[in-house]
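What follows is a set of notes on a single structure, which appears directly below.
This is a predicted model, so every value here is computed, not measured. Heads up: numbering here begins at 1 and tracks the sequence.
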Amino acid sequence: MANKKKVIVTGFEPFGEHTVNSSWVAVQELDRLGLGEAVDLYVCEVPVEYQAVQSLLPSLWKQHQPQLVVHVGVSGLATTVTLEQCGHNEGYRRLDNCSYCPASQCCMENGPDCINSVLDMDAVCRKVNDSGLGVVVSVSKDAGRYLCDYTYYTSLYLGQGRSAFIHVPPLGKPYSSWELGKALQAIVREMLELLELDRTHSLLS
């Protein structure tokens, strides 16, 4: 099918106290579940390293030309599946898995302070919460100024806003890997529907 939608979904490797990173476990579960015949899903694990993100993300966008890139990360503070509306450029002081952080403490020198996703996360959140999925979804505007936020900002910049970030809780707190995978499946499908609606409106106007 030449008109298949291409979607990339990433999770992160283990770091700090997260010896198993629920984000990558959830993404692998999504990969098993799939997004249906009309969607070509590509998943990959992202190193918790600033420099790796700077080299990996441009190649993902360029090589695959996706309609949407969704990054998934773990938050030890999260008890819901959290949709992040925006990424931030500055404030990156925490050392990564290689004990490195950018000297400038920012993603992109002279880049905008904040980039919003073209997706309305409140709308996605409402739809998924109304679907009776059994997983609670919420919205945030602060992805935490570590590799999650750094990755999100970089991807929003490269994809002109056609990116999303989802924070998941650690496994079993309270959701299983299967529940997180099902939640990701429902969320990404809603995001694709929203993008399609926006595209249709653009063509009609």
Side-chain angles (χ1 to χ4, degrees), residues 7-33 35 41-61 63-64 66 68-89 91-102 105-108 115 117 121 135 137-138 140 142-159 163-173 175-185 187-188 191:
V7 176
I8 296 173
V9 182
T10 74
F12 285 99
E13 70 179 2
F15 71 98
E17 75 271 21
H18 301 288
T19 49
V20 172
N21 194 321
S22 60
S23 69
W24 178 233
V25 174
V27 169
Q28 289 174 297
E29 197 66 51
L30 170 65
D31 195 29
R32 279 190 283 276
L33 292 164
L35 290 167
L41 172 63
Y42 176 82
V43 305
C44 81
E45 187 180 27
V46 178
V48 179
E49 299 168 24
Y50 296 104
Q51 288 170 307
V53 167
Q54 282 293 355
S55 59
L56 175 65
L57 262 58
S59 69
L60 283 179
W61 277 98
Q63 184 185 338
H64 295 282
L68 175 67
V69 175
V70 180
H71 303 287
V72 186
V74 63
S75 167
L77 303 173
T79 53
T80 62
V81 173
T82 309
L83 310 179
E84 300 291 347
Q85 184 63 61
C86 52
H88 301 88
N89 192 22
Y92 297 94
R93 300 180 185 90
R94 191 173 160 195
L95 298 179
D96 66 13
N97 274 0
C98 292
S99 301
Y100 170 88
C101 85
Q105 296 180 354
C106 76
C107 297
M108 229 148 273
I115 303 177
S117 173
M121 296 303 174
V135 172
V137 180
S138 63
S140 154
D142 186 357
R145 304 304 197 286
Y146 190 43
L147 263 299
C148 290
D149 212 344
Y150 189 87
T151 299
Y152 193 21
Y153 182 94
T154 305
S155 199
L156 287 165
Y157 185 89
L158 292 167
S163 184
F165 197 99
I166 303 168
H167 265 123
V168 294
L171 288 178
K173 296 183 177 181
Y175 302 117
S176 67
S177 57
W178 184 80
E179 287 173 311
L180 291 177
K182 287 294 284 182
L184 292 184
Q185 184 188 49
I187 290 164
V188 176
M191 288 176 173

I'd like to check [X] versus [Y] (side-chain heavy atoms, cut-off strictly below 4.5 Å). Are they in contact?
X     : Y      : answer
Val74 : Leu171 : no
Asp31 : Val27  : no
Val70 : Leu184 : no
Val53 : His71  : no
Leu60 : Cys44  : yes
Glu13 : Trp24  : no
Val25 : Leu180 : no

Indicate the ring-plane relationship of Tyr92 and Tyr50, choosing parallel, tilted or perpendicular according to the 30° and 60° boundaries.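 Perpendicular: the ring planes of Tyr92 and Tyr50 meet at over 60°.
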If the plane angle is over 60° it's perpendicular, under 30° parallel, otherwise tilted; pick one for Phe165 and Tyr152.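 The rings of Phe165 and Tyr152 sit tilted, inter-plane angle from 30° to 60°.
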What's the shortest heavy-atom distance between [X] and [Y], and which atoms?
X      : Y      : result
Pro14  : Glu45  : CD-OE2, 4.1 Å
Trp61  : Gly159 : CH2-CA, 3.4 Å
Cys106 : Pro102 : O-CB, 4.0 Å
Pro47  : Leu56  : CD-CD2, 4.4 Å
Ser75  : Pro170 : O-CD, 3.4 Å

Could you please spell out the steps behind the side-chain contact (heavy atoms from CB on, under 4.5 Å) verdict for Glu49 and Gln54? CA-CA 9 Å; Glu49 299 168 24; Gln54 282 293 355; over 6 Å; no
Applying side chain to side chain contact (heavy atoms under 4.5 Å, CB included) between His167 and each of Ser140, Cys148, Ser138, Ser22, report the one that passes.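 Testing His167 for a side chain to side chain contact (heavy atoms under 4.5 Å, CB included) against Ser140, Cys148, Ser138, Ser22 leaves exactly one candidate, Cys148.
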Tell me which one of Ile8, Val69, Thr10 satisfies side chain to side chain contact (heavy atoms under 4.5 Å, CB included) with Tyr42.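 Testing each of Ile8, Val69, Thr10 against Tyr42, the sole residue satisfying side chain to side chain contact (heavy atoms under 4.5 Å, CB included) is Ile8.
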Is there a donor-acceptor pair under 3.5 Å between the side chain of Asn89 and the backbone N or O of Met108?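 Yes, because the side chain of Asn89 sits within donor-acceptor range (under 3.5 Å) of the backbone of Met108.
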Determine whether a donor-acceptor pair (N or O, by modelled atom type, separation under 3.5 Å) exists between the side chain of Asn21 and the backbone of Phe12.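 Pair found, side chain donor or acceptor close to backbone of Phe12.
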In terms of heavy-atom contacts, does OH of Tyr157 have more than 12 from other residues, nucleotides or ligands at under 6.0 Å?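 Counting neighbours around OH of Tyr157, 12 or fewer heavy atoms of other residues, nucleotides or ligands fall under 6.0 Å, so no.
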Roughly how far apart are [X] [atom1] and [Y] [atom2], rounded to 0.5 Å?
X      : Y      : atom1 : atom2 : result
Asp149 : Cys107 : CG    : SG    : 7.0 Å
Asp142 : Glu84  : CG    : CD    : 7.0 Å
Arg94  : Leu147 : CZ    : CG    : 8.5 Å
Arg32  : Leu41  : CZ    : CG    : 12.0 Å
Gln51  : Cys101 : CD    : SG    : 10.5 Å
Ser155 : Leu68  : OG    : CG    : 9.0 Å

Full working for side-chain contact (heavy atoms from CB on, under 4.5 Å) between Val168 and Tyr175: CA-CA 9 Å; Val168 294; Tyr175 302 117; over 6 Å; no
Could you check Leu35 against Gln185 for side-chain contact (heavy atoms from CB on, under 4.5 Å), going step by step and ending with a plain yes or no? CA-CA 6 Å; Leu35 290 167; Gln185 184 188 49; 4.2 Å; yes
Electrostatic pair Glu179:Lys182 at N-O distance under 4.0 angstrom: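 Looking at Lys182 together with Glu179, the answer is no, because their closest N to O distance does not fall below 4.0 Å.
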Under the side chain to side chain donor-acceptor pair (under 3.5 Å) rule, collect the residues that match up with Asp96, sequence neighbours excluded.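 With neighbours one apart ignored, the set is empty.
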